[in-house]
Amino acid sequence: QKEVEQNSGPLSVPEGAIASLNCTYSDRVSQSFFWYRQYSGKSPELIMSIYSNGDKEDGRFTAQLNKASQYVSLLIRDSQPSDSATYLCAADSSNTGKLIFGQGTTLQVKP
Amino acid sequence: SAVISQKPSRDICQRGTSLTIQCQVDSQVTMMFWYRQQPGQSLTLIATANQGSEATYESGFVIDKFPISRPNLTFSTLTVSNMSPEDSSIYLCSVEGTSGYEQYFGPGTRLTVT
């Protein structure tokens with residue numbers, strides 16, 4: 001069964017620190033990877049996508065992909081209390097258009 | 001990204017009844033998806049709805065329980081039939097993006113079955 005795994009947390013970091021969120025996936029055919037942010041009571045919001053090995057930066061967010069290790073990560077620099085949310089990692093399922101979601105990691109940024 | 005709306009935003013229903021959830025998109029999309037998110041859990045895909053064809057259901061979900069309609073490229077409905085308290089959940093529709101396999105989510109429907 002194809003899976004995406006994340007540490008459920010909570011991950012607690014002080015304000016201004018770097019938060020590092022990790023994700024592994026089982027389907028070697030997966031080519032597209034996504035990070036969603038979900039605030040409590042809200043729907044998931046796409047914040048990053050990554051398709052190639054290496055780093056992709058967007059503002060305070062950096063996504064990292066290592067296909068050989070089947071590993072995806074999200075770094076949040078200068079973490080703010082407003083970053084406190086659950087972060088969902090997702091991978092495409094064998095080019096079907098469907099996404100497989102991890103369980104999500106809860107991030108708490110403490111002032 | 002597309003603007004997606006869902007109706008109703010929340011509802012409280014009695015067991016044994018059915019609820020139809022609507023999903024409207026402001027642009028034409030080929031693929032729409034329906035998910036369930038149970039309390040404290042991640043997203044579980046119920047089915048994929050493509051316009052002009054029958055919905056494709058994931059393992060554990062059946063058409064009799066979750067009938068789906070997709071009459072055009074901007075609209076879909078999901079019905080939760082013969083509800084039980086175990087159906088209490090958030091139901092989300094999503095649509096494919098234009099760049100690849102990314103998906104964008106509607107605001108969700110919070111369903112409570114008593």
Side-chain angles (χ1 to χ4, degrees), chain A residues 1-10 21 23-27 29-52 56 58 61 63 65 72 74 85-107, chain B residues 1-10 21 23-25 29-51 53 55-61 70 89-112:
Chain A
Q1 180 159 339
K2 301 167 187 174
E3 293 182 338
V4 173
E5 296 190 357
Q6 298 179 253
N7 187 322
S8 61
L21 306 165
C23 167
T24 59
Y25 61 94
S26 64
D27 186 0
V29 180
S30 294
Q31 296 294 318
S32 307
F33 305 89
F34 307 95
W35 284 99
Y36 288 82
R37 178 177 62 199
Q38 186 173 27
Y39 292 115
S40 180
K42 301 295 186 181
S43 63
E45 173 193 10
L46 179 65
I47 55 172
M48 289 289 286
S49 58
I50 187 165
Y51 307 98
S52 303
K56 178 182 178 182
D58 184 1
F61 299 99
L65 174 60
V72 191
L74 178 70
T86 296
Y87 289 80
L88 299 165
C89 175
D92 75 282
S93 175
S94 302
N95 296 324
T96 62
K98 294 187 280 190
L99 295 180
I100 303 171
F101 284 85
Q103 286 296 102
T105 297
T106 300
L107 173 66
Chain B
S1 62
V3 176
I4 307 165
S5 60
Q6 283 185 238
K7 291 181 182 179
S9 59
R10 60 178 61 229
I21 302 167
C23 180
Q24 180 77 52
V25 191
V29 293
T30 301
M31 298 182 78
M32 296 181 75
F33 306 87
W34 286 98
Y35 289 84
R36 180 174 72 183
Q37 188 172 32
Q38 295 177 306
Q41 303 296 313
S42 188
L43 304 174
T44 301
L45 181 64
I46 298 171
T48 303
N50 290 342
Q51 195 270 337
S53 62
T56 303
Y57 290 83
E58 297 300 302
S59 176
F61 297 96
R70 183 77 201 276
S89 189
I90 297 173
Y91 292 86
L92 294 149
C93 70
S94 72
V95 304
E96 59 176 351
T98 56
S99 302
Y101 289 126
E102 79 276 15
Q103 293 179 18
Y104 297 95
F105 286 86
T109 296
R110 183 180 295 272
L111 171 63
T112 302

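Sequence lines set the chain letters: A, B, ... in the order given, protein chains first and strands last, and positions in each chain run from 1.
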Task: Max heavy-atom pair count under 4.5 Å with chain B, selected residue of A/S32, A/G41, A/S40 - done: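 Of A/S32, A/G41, A/S40, A/S32 has the most heavy-atom pairs under 4.5 Å with chain B.
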
Task: Region of B/Q103 that comes under 4.5 Å of a non-hydrogen atom in chain A - done: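 For B/Q103, the contact with chain A is made by backbone and side chain together.
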
Task: chain A contact via B/L43 - side chain, backbone, both or neither, heavy atoms under 4.5 Å - done: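 Interface part for B/L43: both.
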
Given a strict heavy-atom distance threshold of 4.5 Å, which part of [X] is in contact with chain B: side chain, backbone, both, or neither?
| X | answer |
| --- | --- |
| A/T106 | neither |
| A/Q38 | side chain |
| A/L99 | both |

- [ ] Would you check if the distance from the ring center of A/F34 to the ring center of B/Y101 is below 6.0 Å?
- [x]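 They do not qualify: ring centres at least 6.0 Å apart.
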
Task: B/F105 ring center within less than 6.0 Å of B/F33 ring center - done: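 No, too far apart.
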
- [ ] Kindly assign one of parallel, tilted or perpendicular to the pair A/Y25 and A/F33, based on the angle between their ring planes and the thresholds 30° and 60°.
- [x]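 A/Y25 vs A/F33 ring planes: tilted.
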
- [ ] With rounding to the nearest 0.5 Å, note down the distance linking OG1 in B/T44 to CD in B/Q37.
- [x]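 Reported to 0.5 Å precision, the distance equals 8.5 Å.
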
Open item on the list: Between B/T109 and B/Q6, is there a side-chain donor-acceptor contact under 3.5 Å, judged purely by atom types and distance?
Closed with: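 Distance-only check passes for B/Q6 and B/T109.
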
